[in-house]
Amino acid sequence: MTGRGRRELRPLSQKRKGKKRVLRSEKMEGAKAAAGPAAGPAAGGQLESALLHIMQQHHHQSLRQRQQTERAKKDALRSAARVAGHLVEAVDGGVQELFVNEKRIELEARALLGTIARYRKQSDQWLAATNAVNSVLKEIGDFENWMKIMDFDCKSINAAIRNIHRS
């Protein structure tokens with residue numbers, strides 16, 4: 001779109017470039033005017049080239065600083081990520097070890113409970129066996145006592161029969 005009262009629409013990047021060019025040329029003209037007419041055309045050219053050189057140096061320095069800043073940011077992010085990773089590993093490593101130990105303890109506790117159940121069953125069997133032996137021993141003791149009583153009774157009867165037979 002061109003014409004009076006209307007501005008030409010250009011992409012934003014072109015507008016900025018155009019403004020920079022205008023600003024640079026305005027700066028150059030301002031510098032030339034500051035040098036004054038007494039300096040002459042040769043001095044104006046040197047001043048313009050000096051200013052251009054200063055602007056280029058400034059531009060390069062700002063680019064270098066931006067690059068250094070970006071590198072520093074990236075390095076800081078990498079370092080922070082590395083530190084966070086080490087912290088997570090340190091915390092997770094301890095927690096992971098605790099979980100492994102907990103599982104091992106649970107397994108050993110289950111095995112111990114199984115062993116205790118086996119020993120209880122075995123001791124119950126031994127107790128039953130010893131009770132049976134005790135009962136048998138009591139019966140044997142009772143039988144032996146009965147035998148002694150019978151022996152004594154038999155001897156008593158035998159003695160009585162002999163006494164009767166003698167008299």
Side-chain angles (χ1 to χ4, degrees), residues 1-2 5-32 34-35 45-152:
M1 297 163 91
T2 57
R6 294 186 182 171
R7 291 190 304 184
E8 182 177 312
L9 295 177
R10 292 183 287 171
L12 188 61
S13 60
Q14 287 182 356
K15 285 183 182 180
R16 286 186 181 156
K17 287 181 183 176
K19 286 183 181 179
K20 283 184 181 176
R21 287 184 187 142
V22 169
L23 291 176
R24 284 184 186 160
S25 63
E26 286 175 2
K27 286 181 183 178
M28 296 300 169
E29 288 175 10
K32 286 181 187 176
Q46 287 177 349
L47 182 61
E48 187 176 331
S49 65
L51 287 173
L52 279 173
H53 182 68
I54 290 171
M55 286 177 62
Q56 287 173 351
Q57 284 180 340
H58 174 72
H59 180 68
H60 289 299
Q61 284 177 344
S62 65
L63 283 177
R64 268 188 254 124
Q65 285 178 344
R66 270 191 229 134
Q67 289 171 350
Q68 287 174 349
T69 304
E70 287 298 319
R71 268 189 248 120
K73 280 183 192 177
K74 288 177 184 177
D75 290 344
L77 285 173
R78 271 190 242 116
S79 297
R82 212 174 314 127
V83 166
H86 289 305
L87 289 173
V88 167
E89 285 176 14
V91 171
D92 284 349
V95 171
Q96 199 171 34
E97 188 175 331
L98 287 175
F99 281 129
V100 168
N101 288 341
E102 182 181 8
K103 292 291 182 186
R104 192 174 336 143
I105 289 170
E106 286 177 6
L107 290 174
E108 288 179 12
R110 286 182 191 148
L112 183 61
L113 288 174
T115 304
I116 289 171
R118 275 196 334 265
Y119 285 146
R120 179 178 287 153
K121 188 177 180 180
Q122 190 175 21
S123 64
D124 288 344
Q125 289 172 347
W126 288 348
L127 184 61
T130 55
N131 286 337
V133 167
N134 280 340
S135 296
V136 169
L137 287 176
K138 282 182 184 178
E139 289 176 10
I140 289 174
D142 289 343
F143 179 74
E144 187 178 352
N145 191 29
W146 180 78
M147 287 296 289
K148 285 180 184 177
I149 292 171
M150 289 302 283
D151 186 42
F152 180 73

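Model, not experiment: these values are computed from the prediction.
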Open item on the list: Quick one, Thr115 with Arg118, criterion side chain to side chain contact (heavy atoms under 4.5 Å, CB included). Give me CA distance, side-chain angles, the key distance, then yes/no.
Closed with: CA-CA 5 Å; Thr115 304; Arg118 275 196 334 265; 3.9 Å; yes

Spacing of [X] atom [atom1] and [Y] atom [atom2] [to the nearest 0.5 Å]:
X: Glu70; Y: Gln65; atom1: CD; atom2: CD; answer: 13.0 Å
X: Leu47; Y: Ile54; atom1: CG; atom2: CD1; answer: 8.5 Å
X: Ile105; Y: Leu98; atom1: CD1; atom2: CG; answer: 9.5 Å
X: Leu63; Y: His58; atom1: CG; atom2: NE2; answer: 9.5 Å
X: Leu77; Y: Lys73; atom1: CG; atom2: NZ; answer: 9.0 Å
X: Glu97; Y: Asp92; atom1: CD; atom2: CG; answer: 12.5 Å

Open item on the list: I want to check something: taking the side chain as every heavy atom from C-beta on, are Leu113 and Arg110 in contact at a cut-off of under 4.5 Å?
Closed with: no

TODO: Under the side chain to side chain donor-acceptor pair (under 3.5 Å) rule, what do Gln56 and His60 come out as? Steps first, then yes or no, please.
DONE: CA-CA 6 Å; Gln56 287 173 351; His60 289 299; 5.6 Å; no

- [ ] In plain terms, say whether Arg78 and Asp75 are close enough for a salt bridge, that is, a side-chain N and a carboxylate O under 4.0 Å apart.
- [x] yes

Task: Criterion side-chain contact (heavy atoms from CB on, under 4.5 Å) against Val136, the qualifying member of Ile140, Val133, Asn134 - done: Ile140

Task: side chain to side chain contact (heavy atoms under 4.5 Å, CB included) between Arg104 and Asn101, worked out - done: CA-CA 5 Å; Arg104 192 174 336 143; Asn101 288 341; 3.0 Å; yes

